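The structure presented is a predicted model; accordingly, all values stated were derived computationally and were not measured. Hydrogens, waters and symmetry mates play no part in the numbers below; they use all other heavy atoms, side chains included.
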Amino acid sequence: MMREITMPKTGVNVTEVTVTKWLVSPGDEIKDGQAIVEIESYKATQEVSAQWDGTVEKLLVAEGDEVECNAPIAIVRTNL
């Protein structure tokens, strides 16, 4: 099953963040809880983790892109 990973809301007043570094590439196997991307908002950097075990099919945003919270950022193929 294909599933979307979305950009989480990182703070009460945060509406968008910047993708600073992808830690995975298409074709990579990932595990639930594994850090997959680094993001920055208000000069604070944090990691976003995978929500399921699976295979990264496609990254929907590039490093340097500003992304709205709750927007899809990657497609993962899962066994669910």
Between the CD atom in E16 and the CG atom in D65, the distance rounded to the nearest 0.5 Å is 11.0 Å

Membership question, hydrophobic clusters at under 4.5 Å side-chain separation (ILVMFWY): are I5 and I75 in the same one?
no

Determine, stepwise, if the pair I30 / T55 fulfils side-chain contact (heavy atoms from CB on, under 4.5 Å).
CA-CA 6 Å; I30 58 172; T55 304; over 6 Å; no

Walk me through it: do L23 and K21 pass the test side-chain contact (heavy atoms from CB on, under 4.5 Å)?
CA-CA 6 Å; L23 306 174; K21 183 178 181 182; 4.1 Å; yes

Atom pair CD (E68) and OG1 (T6), whose distance is rounded to the nearest 0.5 Å
12.5 Å

Is it the case that the side chain of E63 and the backbone of W22 share a donor-acceptor pair, with hydrogens and angles ignored and the cut-off at 3.5 Å?
yes

Could you measure the distance from the NZ atom of K31 to the CD atom of E29? Nearest 0.5 Å is fine.
7.5 Å

Pairwise side-chain contact, V14 with S41, heavy-atom cut-off 4.5 Å (strictly under):
yes

Does V67 belong to the same Ile/Leu/Val/Met/Phe/Trp/Tyr cluster as Y42, with side-chain heavy atoms less than 4.5 Å apart forming each link?
yes

Pair T18-E40, side-chain donor/acceptor within less than 3.5 Å
no

Can you measure from CZ (R3) to CD (E57) and round to the nearest 0.5 angstrom?
14.0 Å

Please tell me if the side chains of P8 and V48 come closer than 4.5 Å, counting only heavy atoms from C-beta onward.
yes

Interatomic spacing from CG in L60 to CE in M7 - rounded to 0.5 Å
10.5 Å

Testing the basics here: between A50 and D32, what is the closest heavy-atom pair and its distance to 0.1 Å?
O-OD1, 3.3 Å

Can you check side-chain contact (heavy atoms from CB on, under 4.5 Å) on T10 and Q46, steps first, answer last?
CA-CA 9 Å; T10 60; Q46 64 187 69; 3.5 Å; yes

Looking at CD of Q51 and OG1 of T78, how far apart are the two atoms once the value is rounded to the nearest 0.5 Å?
11.0 Å

With respect to I73, which candidate in V61, I39, V17 satisfies the side-chain contact (heavy atoms from CB on, under 4.5 Å) definition?
V61

Minimum heavy-atom distance between A35 and E47, given as atom pair plus value:
CB-OE1, 3.3 Å

